[in-house]
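Here is the naming used below: chain letters follow the sequence lines, and residue numbers restart at 1 for every chain. Computed from heavy atoms alone, side chains included, the values below leave out hydrogens, waters and symmetry copies.
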2 protein chains.
Amino acid sequence: MKNTQNLSTIFIIDDDASIGNMLEEILKKEGYQVLRAYSGTEALFVLERQKPDLILLDLMLPGLDGREILPKIKGIPVIVISARAETEDKVSLLLSGAADYMTKPFDTRELLARIVVQLRNPSVAGTASALEFAGISLSADTHQVSVWGLPVKLTRTEYAILKLLMANPSQVITKTLLLERISEDTPDCMESSLRVHISNLRKKLRDAGGQDYIESVWGIGFKMKEIEN
Amino acid sequence: MKNTQNLSTIFIIDDDASIGNMLEEILKKEGYQVLRAYSGTEALFVLERQKPDLILLDLMLPGLDGREILPKIKGIPVIVISARAETEDKVSLLLSGAADYMTKPFDTRELLARIVVQLRNPSVAGTASALEFAGISLSADTHQVSVWGLPVKLTRTEYAILKLLMANPSQVITKTLLLERISEDTPDCMESSLRVHISNLRKKLRDAGGQDYIESVWGIGFKMKEIEN
DNA sequence: CGCATTTTTTACCGGTTCCGGACAACAGAA
DNA sequence: TTCTGTTGTCCGGAACCGGTAAAAAATGCG
């Protein structure tokens, strides 16, 4: 069963033309859309305007190393392809955010299978465009939120928090997870800020909807309150 | 700081005791909760009552083959471990739903990294890490506990204790182990405190369920009481 | 540059939870 | 039984956490 309908876009980042061409050919034969980049800087440039569903990243790159661009990729699964077979390399790359690691030379059938595995994941691929929860509606494209029709003006952070909470209703979101998602690269110690943001968000929602929507779980984090009609 | 709170449960399905024991030891050292099963049928039986966060599945199993139980697992990532290195095996297993595939012998560091990759996934909305025992249900998602449907409000420590006890039902948990897991950053948290926590936990469960669920083993520790219907 | 908005820090309060001692109740050994 | 070590529970103080307001710092905008 091939992906003949749901053609996903795969981004090949590889300076080696021969391997890249072979991959492109195989992937296209499988019905995938293919993007190409031949250096790390080029890859980042492409990623600024396009959002592929999967990235095949060769580590040996001119200019920016693969290791350096991996942390800059967010929300897209990355399969690292490398000639290095040492465990240290695999471990460090996987822990740095890679979704999988294949050693050259590899069997293309296995690569194709592992690509399917990644694309099968409904994680970030289709970022839900609209969320709805007990009167709160949140649209991703317009970045607007309304409670029972009344528009509510939220700041960027408040919006991010609410989105994360509404994406997993009735599930506790850890404070650490919230902090990671909201302010990506601050080392630590803004747990107090989170409290303030939650407080402000609560207030705005309460002013618009008349009730408190966010529940705090002592010592753990926050969740959307279960509302019974 | 280490993730003391979010210890995930990993389910090892392997009939080979030596490999299984080694895995269990390593995983526990990493702070994971471990479940074991030694056959396919046993694995399915366990999965009816518990929902781990990840499954390590050895293909060579007595009775039900690993291939047969893989399709029955839904919503939990499965890392297949097998001695067969042929591409056909990898491909078929990956396409059948496996999240990853490791060939024996493998480097445990790589396995640990790949486990992290799977657990890192903002997992399927499905309820992971749910435990059920004689009317007590404990869900990791909502961080809530209920006895025969009645919600019980537990402290963070109480929750941790109960989770540890319920993860290994009818097995004595030593006081020292409980102390290690619960207050990771207190040098030697007094044993008297643990007694208090257990006492409070007992009281809350008793108030909701009408009976005492925790049994104390003189001089050793605690375990869940065996309850006959 | 000045101004407005947003984010972060700081401080404080009230409530929750934890700790560890005290002491009675209990189980096991002699 | 008596003695000894363990367990269950009560309790006060300490430490911690969460909510909010106000100030300070950072950011965006014209």
Side-chain angles (χ1 to χ4, degrees), chain A residues 143-145 151-165 172-207 211-225, chain B residues 1 4-5 143-145 152-165 172-207 211-225:
Chain A
H143 261 235
Q144 267 180 347
V145 178
V152 181
K153 197 174 152 229
L154 296 186
T155 64
R156 195 170 28 256
T157 336
E158 288 157 6
Y159 178 87
I161 294 175
L162 184 60
K163 183 178 174 185
L164 193 50
L165 287 175
V172 181
I173 312 291
T174 1
K175 285 177 294 186
T176 51
L177 181 64
L178 275 166
L179 285 174
E180 279 175 17
R181 291 296 182 83
I182 282 142
S183 60
E184 301 279 348
D185 32 21
T186 23
D188 50 0
C189 199
M190 351 177 329
E191 185 177 323
S192 51
S193 314
L194 179 60
R195 284 209 300 272
V196 179
H197 285 129
I198 294 274
S199 174
N200 295 335
L201 179 55
R202 272 198 174 117
K203 181 171 179 152
K204 287 183 181 176
L205 291 181
R206 199 180 328 124
D207 288 353
Q211 50 181 319
D212 206 346
Y213 289 95
I214 300 175
E215 193 172 351
S216 43
V217 182
W218 224 89
I220 308 295
F222 301 89
K223 59 177 270 199
M224 294 303 280
K225 192 171 287 187
Chain B
M1 188 188 288
T4 63
Q5 184 59 37
H143 222 265
Q144 269 177 355
V145 177
V152 181
K153 199 176 153 230
L154 292 187
T155 288
R156 189 174 23 160
T157 346
E158 289 159 4
Y159 179 90
I161 294 175
L162 184 60
K163 184 178 176 184
L164 193 50
L165 287 175
V172 183
I173 312 290
T174 48
K175 289 175 292 187
T176 51
L177 180 63
L178 274 167
L179 285 174
E180 278 176 18
R181 289 299 180 82
I182 283 146
S183 58
E184 192 126 352
D185 24 31
T186 25
D188 34 14
C189 166
M190 283 295 112
E191 183 181 320
S192 53
S193 310
L194 176 61
R195 286 210 300 272
V196 178
H197 288 305
I198 295 273
S199 171
N200 294 335
L201 180 55
R202 272 194 173 121
K203 182 167 165 46
K204 288 182 181 176
L205 291 181
R206 199 182 327 124
D207 288 352
Q211 50 181 320
D212 205 346
Y213 288 95
I214 300 176
E215 193 172 351
S216 42
V217 182
W218 211 83
I220 309 293
F222 302 91
K223 59 173 278 201
M224 294 303 282
K225 192 171 287 188

Residue [X], side-chain atoms from C-beta onward, closest of [options]:
X: B:Arg156; options: D:dC17, C:dG20, D:dA22; value: D:dC17
X: B:Arg206; options: D:dG8, C:dT9, D:dT9; value: D:dT9
X: B:Trp218; options: C:dT6, C:dT9, D:dT6; value: D:dT6
X: B:Ser216; options: D:dG19, D:dT7, D:dA21; value: D:dT7
X: A:Arg195; options: C:dT17, C:dA11, D:dA21; value: C:dA11

Expressed as a whole number of angstroms, how long is the span from [X]:[atom1] to [N]:[atom2]?
X: A:Leu194; N: D:dT20; atom1: CG; atom2: P; result: 13 Å
X: B:Glu158; N: D:dT9; atom1: CD; atom2: P; result: 13 Å
X: B:Leu179; N: D:dT7; atom1: CG; atom2: P; result: 12 Å
X: B:Glu191; N: D:dG8; atom1: CD; atom2: P; result: 10 Å
X: B:Lys204; N: C:dT17; atom1: NZ; atom2: C1'; result: 9 Å
X: A:Glu215; N: D:dC17; atom1: CD; atom2: C1'; result: 16 Å
X: B:His197; N: D:dG8; atom1: NE2; atom2: P; result: 14 Å
X: B:Ile220; N: D:dG5; atom1: CD1; atom2: P; result: 17 Å

Contact under 4.0 Å: [X] side-chain N or O vs [N] OP1/OP2:
X: B:Ser199; N: D:dT9; value: yes
X: B:Thr155; N: C:dT16; value: no
X: A:Lys175; N: D:dC17; value: no
X: A:Ser192; N: C:dT8; value: no
X: A:Thr157; N: C:dT7; value: yes
X: B:Ser193; N: C:dG20; value: yes

Notebook entry, point to check: What heavy-atom pair brings B:Leu179 and B:Met190 nearest, and what distance separates the two atoms?
Noted result: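 In terms of heavy atoms, the two residues are closest at CD2-O, 4.1 Å.
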
Margin query: Tell me the closest heavy-atom pair linking A:Glu158 and A:Leu201, and the distance in Å.
Written below: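 Shortest heavy-atom contact: O-CD2, 3.8 Å.
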
Check: So what does A:Phe222 touch, heavy atoms closer than 4.0 Å: a base, only the sugar-phosphate, or nothing?
Finding: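 Sugar-phosphate, backbone atoms only, no base.
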
Check: How many angstroms lie between CZ in A:Arg181 and OG1 in A:Thr174, if you round to the nearest 0.5 Å?
Finding: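 The CZ atom of A:Arg181 sits 10.0 Å away from the OG1 atom of A:Thr174.
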
Margin query: Return the NZ to CZ distance between A:Lys175 and A:Phe222, rounded to the nearest 0.5 Å.
Written below: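 The CZ atom of A:Phe222 is 7.0 Å from NZ of A:Lys175, to the nearest 0.5 Å.
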
Item checked: Over 12 foreign heavy atoms within 6.0 Å of CZ, A:Arg156 ->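 Check fails, neighbour count at 12 or below.
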
